[in-house]
Enquirer: 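First the structure, which I've put down as structure tokens, then a few questions once you've had a look.
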Amino acid sequence: MSALATLLAATAASEKEKAALESELHAIFELTSTGHVRLDDISPLREIPLGDLPPQLCEYVSDLLEG
């Protein structure tokens, strides 16, 4: 599961479409809720420029990175 979360996080970090990003973040959230994904696994999310996101997606990314 951690490999899938890392792949999704890397994809999300370069995603241009907000709807696709939201779906990727939701999938990452679901994976983290299993307890098998560590914060290091989703570290590519740190590359997302939060200032470019709508508030709800910015909050989503922040919540994921806070663990």
Side-chain angles (χ1 to χ4, degrees):
M1 274 193 224
S2 63
L4 179 56
T6 301
L7 178 62
L8 280 167
T11 302
S14 62
E15 186 62 64
K16 302 296 181 214
E17 296 293 325
K18 302 299 186 236
L21 175 59
E22 184 174 8
S23 294
E24 291 155 359
L25 293 174
H26 181 73
I28 293 167
F29 178 80
E30 291 297 321
L31 289 171
T32 60
S33 70
T34 67
H36 298 288
V37 175
R38 297 170 298 139
L39 194 54
D40 287 347
D41 297 328
I42 59 171
S43 64
L45 293 179
R46 291 187 180 103
E47 299 171 19
I48 297 175
L50 299 181
D52 295 344
L53 297 179
Q56 68 273 18
L57 292 183
C58 184
E59 187 175 327
Y60 217 156
V61 173
S62 295
D63 287 348
L64 283 168
L65 291 175
E66 290 173 4

Enquirer: Just checking E30: does its CD atom have more than 12 heavy atoms from other residues, nucleotides or ligands closer to it than 6.0 angstrom?
Expert: yes
Enquirer: For the residue pair S2 and R38, establish whether any side-chain heavy-atom pair is separated by less than 4.5 Å.
Expert: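 In short, these two side chains do not touch, never coming nearer than 4.5 Å.
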Enquirer: So L4 and V37, do their side chains get closer than 4.5 Å, heavy atoms only?
Expert: no
Enquirer: Which heavy-atom pair separates A13 from P44 by the least distance, and what is that distance?
Expert: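 Heavy atoms only, the tightest pair is CB-O, 3.4 Å.
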Enquirer: Is any side-chain heavy atom of E15 closer than 4.5 Å to a side-chain heavy atom of I48?
Expert: no
Enquirer: How far does CG of L53 sit from CD of E22, to the nearest 0.5 angstrom?
Expert: 11.0 Å
Enquirer: Check L8 against A27 and note the closest heavy-atom contact, atom names and distance.
Expert: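 Heavy atoms only, the tightest pair is CD1-CB, 3.8 Å.
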Enquirer: Looking at E17, I'd like to know if its CD atom is crowded, meaning that more than 12 non-hydrogen atoms belonging to other residues, nucleotides or ligands lie closer than 6.0 Å.
Expert: no
Enquirer: Between T6 and D41 (side chain of the first, backbone of the second, donor and acceptor by atom type, cut-off under 3.5 Å), is there such a pair?
Expert: yes
Enquirer: Flag the pair L31 / H36 as yes when at least one side-chain heavy-atom distance between them is below 4.5 Å, and no otherwise.
Expert: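 No, their side chains stay 4.5 Å or more apart.
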Enquirer: Once you round to the nearest 0.5 Å, how far does CG of L45 lie from OH of Y60?
Expert: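 One gets 11.0 Å once the value is rounded to the nearest 0.5 Å.
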Enquirer: Taking the side chain as everything from C-beta on, heavy atoms only, tell me whether R46 gets closer than 4.5 Å to L39.
Expert: yes
Enquirer: Between C58 and L50, what is the shortest heavy-atom contact and its length?
Expert: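 Looking at all heavy atoms of both residues, the closest pair is SG-CB, 3.7 Å.
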Enquirer: What's the shortest heavy-atom distance between D40 and S43, and which atoms?
Expert: O-OG, 3.1 Å
Enquirer: Can you see which heavy atom on K18 is nearest to which on L57, and at what distance?
Expert: O-CD1, 3.8 Å
Enquirer: Could you tell me the separation between the CG atom of L7 and the CD1 atom of I42, rounded to the nearest 0.5 Å?
Expert: 13.5 Å
Enquirer: To the nearest 0.5 Å, what is the distance between CD (E59) and CG (L25)?
Expert: 12.0 Å
